Amino acid sequence: MTSYNFDEVVPRRGTASLKWDGLLERYGDADLLPLWVADMDFKTPPEVIRELVERVQHGIFGYTIRPDSYFDAIQQWFMTRHEWKVERDWIDHAPGVVPALGLIVETFTEPGDKVIIQPPVYHPFFSVVESQGRELVQNPLLYRDGTYEMDFDDLAAKAESGAKILILCSPHNPVGRVWSREELMRLGDICLSHDILVVSDEIHGDLIYPGHRQIPFASISTEFANRSITCTAPSKTFNLAGLQTCSIIVPNDKTRETFHNALVARMMGGANTLGMVALEAAYRHGGPWLDELMVYLSENLAFLETSIQSRMPRLRVIQPEGTYMVWIDFRGLGLETKTLEEFVVKRARLALNVGSMFGVEGEGFMRMNIACPRSTLEQALNQLASAIETLE
Ligand SMILES: Cc1ncc(COP(=O)(O)O)c(C=O)c1O
């Protein structure tokens with residue numbers, strides 16, 4: 001028995017939604033079916049809406065402090081969902097994970113310092129490093145037999161070159177890997193032995209498919225915790241990105257003090273009143289909703305895979321272990337990058353993310369967001385299949 005209706009189609013046009021109302025600006029066409037940016041076409045859990053409504057009805061939205069219950073909700077969430085004991089003192093804040101990444105790079109490196117990333121990867125990882133005059137060091141993932149792995153030999157060589165930070169995407173957007181304990185330990189050992197700070201972006205960490213388990217990097221050992229900063233948020237999990245509230249977990253006292261001072265110096269430490277209410281309600285009451293969401297997303301994934309295998313055999317789905325973003329290999333269509341982009345927009349009438357935005361390794365791939373009602377996904381796949389037929 002399911003309690004939540006993920007089949008409900010909630011119109012989003014006209015709500016200033018980046019995904020729906022930003023199409024004209026981003027894709028030059030307002031009428032595409034959008035399966036791009038990482039938010040969901042589902043309402044946040046009713047328990048969260050209820051607490052937000054109650055707070056809105058109070059009517060005053062002045063400056064806000066974070067109550068004990070807020071910290072407690074975060075601690076309980078990570079304990080019950082991820083078996084990670086987060087101390088209250090470790091929890092700091094930011095208006096978003098990307099702003100936090102920018103601040104971390106700025107604070108813990110000097111211009112010219114090296115920062116490692118693992119492409120194909122979430123595109124702001126490139127810009128937060130390069131826009132601040134730091135040197136980007138790329139440790140590309142290896143694509144083998146339809147799945148991605150880390151290249152540890154290359155990582156060891158690059159770590160040797162004096163990098164200060166590694167930005168880890170865990171789970172990995174866009175390839176959908178949920179890193180195993182062994183993989184994280186190998187990565188952590190390499191970073192620790194070269195005194196590299198591991199900045200682990202775990203924003204997708206609650207969105208894990210059956211058979212896989214999210215291991216917070218910092219939960220593996222005290223040594224790893226001490227040389228890490230973990231960026232988390234309820235924004236992907238519960239569709240709250242617009243409320244701009246996330247937690248930056250920094251177990252080491254000195255590292256945390258440095259981060260916190262930088263945050264305060266930029267006036268970025270304040271709380272978003274509604275974001276704070278939503279975070280607490282989601283972490284306190286959202287577990288059952290999330291469990292049902294993952295069942296629905298698993299079914300969407302199976303639907304997508306069946307549809308692609310039977311109707312679009314020249315495409316290949318990279319089976320995600322977590323996240324609602326699906327990485328699809330379009331190289332079988334034999335189209336050049338520009339032509340492929342145009343084909344998806346003009347012929348399939350879809351807004352997807354082109355793979356090359358995640359690094360050159362993503363050329364010929366597309367990222368599709370399946371966090372939508374099945375009827376929307378079905379429509380998108382029909383449009384794609386019909387467009388591909390015209391190529392044959
Ligand atoms: C890996 C990753 N990190 C961070 C973000 C964005 O985080 P925020 O909206 O909190 O800046 C996203 C959104 O797609 C993401 O995929």
Side-chain angles (χ1 to χ4, degrees), residues 16-19 22 26 34-41 44 74 91-106 115-129 131 141 148 165-179 198-208 214 216-217 229-249 263 266 268-272 274-276 278-279 282-283 297 320-327 351-355 357-359 362 365-372:
S17 146
L18 171 61
K19 191 182 195 175
R26 297 293 172 113
L35 291 86
W36 62 296
V37 63
D39 75 18
M40 308 196 274
D41 291 332
T44 197
I74 297 170
I91 304 171
D92 212 324
H93 321 278
V97 167
V98 173
L101 294 176
L103 185 60
I104 291 165
V105 169
E106 185 192 343
V115 177
I116 304 177
I117 64 167
Q118 299 177 302
V121 74
Y122 181 53
H123 49 291
F125 283 20
F126 293 79
S127 52
V128 295
V129 175
S131 66
L141 300 178
Y148 284 84
I165 288 181
L166 177 141
I167 310 179
L168 172 67
C169 200
S170 175
H172 192 95
N173 172 15
V175 309
R177 277 299 317 278
V178 173
W179 304 116
V198 176
V199 179
S200 189
D201 177 344
E202 302 189 8
I203 197 166
H204 295 277
D206 298 315
L207 299 158
I208 307 297
Q214 167 71 357
F217 176 79
I229 297 182
T230 304
C231 303
T232 72
S235 41
K236 302 290 165 206
T237 319
F238 296 104
N239 215 15
L240 297 168
L243 294 183
Q244 301 198 302
T245 299
C246 75
S247 308
I248 308 300
I249 303 178
L263 194 75
R266 284 159 194 77
M268 282 168 65
N272 173 317
L274 295 183
M276 193 187 73
L279 177 148
Y283 282 165
L297 289 177
E321 299 169 346
T323 85
Y324 50 71
M325 313 307 301
V326 184
W327 191 234
L352 308 180
N353 287 101
V354 291
M357 71 192 273
F358 305 98
F365 288 72
M366 288 271 167
R367 190 187 75 167
M368 182 186 281
N369 180 343
I370 60 162
C372 56

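Both counts, for ligands and for their atoms, begin at 1 and track the order of listing. FYI, the numbering just counts along the sequence from 1. Predicted, not measured: the structure shown is a model, and the values here were computed from it. Computed over heavy atoms, backbone and side chain alike; hydrogens, waters and symmetry mates excluded.
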Task: Pairs flagged by salt bridge (charged side-chain N to carboxylate O under 4.0 Å, His left out) wherever residues 168-177 is involved - sequence neighbours left out - done: R177-E183, R177-E321
Open item on the list: Tell me whether ligand 1 is touched by C169 - counting only heavy atoms on the residue side and a distance under 4.0 Å.
Closed with: yes
Task: Nearest protein heavy atom with distance in Å, relative to atom 11 (O) of ligand 1 - done: V98 N, 3.0 Å
Open item on the list: Tell me if a side-chain donor or acceptor on W36 pairs with a main-chain N or O of K19 at a distance below 3.5 Å.
Closed with: yes
Open item on the list: Using heavy atoms and a 4.0 Å limit, tell me yes or no: is C231 in contact with ligand 1?
Closed with: no
- [ ] Please verify whether a non-hydrogen atom of Q244 lies at under 4.0 Å from ligand 1.
- [x] no
- [ ] Find out whether P119 and F126 are in side-chain contact, i.e. whether some heavy atom of one side chain is under 4.5 Å from a heavy atom of the other.
- [x] yes
Task: Protein contact to atom 1 (C) of ligand 1 [nearest heavy atom, distance to 0.1 Å] - done: D201 OD2, 3.3 Å
- [ ] Do me a favour and list the nearest non-hydrogen protein atom to atom 7 (O) of ligand 1 with residue, atom name and distance?
- [x] I203 CD1, 3.3 Å
Open item on the list: A quick test of your reading: do over 12 heavy atoms of other residues, nucleotides or ligands sit less than 6.0 Å from CZ of R266?
Closed with: yes
Open item on the list: With a 3.5 Å distance limit and no angle check, can you tell me whether Q214 reaches the backbone of S170 through a side-chain donor-acceptor pair?
Closed with: yes
Open item on the list: So, 4.0 Å and heavy atoms of M325: is ligand 1 close enough to count as a contact?
Closed with: no
Task: For atom 6 (C) of ligand 1, the protein heavy atom that lies nearest, with its residue and separation - done: Y122 OH, 3.3 Å
Task: Donor-acceptor pair, side chain of S247 and main chain of T232, under 3.5 angstrom - done: no
- [ ] Would you indicate whether the side-chain heavy atoms of P320 and M325 approach each other to under 4.5 Å?
- [x] no
Task: Heavy-atom donor-acceptor pair, N239 side chain to M40 backbone, under 3.5 Å - done: yes
TODO: Considering heavy atoms of the protein only, find what lies nearest to atom 10 (O) of ligand 1 and give residue, atom and distance to 0.1 Å.
DONE: V97 N, 2.7 Å
TODO: Give the atoms of ligand 1, by number and element, whose distance to some non-hydrogen atom of A38 is under 4.0 Å.
DONE: 14 (O)
Open item on the list: If the cut-off is 4.0 Å to any non-hydrogen atom of G96, which atoms of ligand 1 fall inside it?
Closed with: 10 (O), 11 (O)
Task: Nearest protein heavy atom with distance in Å, relative to atom 14 (O) of ligand 1 - done: K236 NZ, 3.0 Å
Open item on the list: Is atom 3 (N) of ligand 1 touching the protein, meaning some protein heavy atom lies under 4.0 Å away?
Closed with: yes
- [ ] On the 0 to 90° scale, with breaks at 30° and 60°, tag the H204-Y324 ring pair as parallel, tilted or perpendicular.
- [x] perpendicular
Open item on the list: Given 3.5 Å as the limit, does a donor-acceptor pair link the side chain of N369 with the main chain of D39, or not?
Closed with: yes
Task: Backbone or side-chain N or O of N173 under 3.5 Å from ligand 1 N or O - done: yes
Open item on the list: With a heavy-atom distance limit of 4.0 Å, tell me whether P99 approaches ligand 1 through its side chain, its backbone, both, or neither.
Closed with: side chain
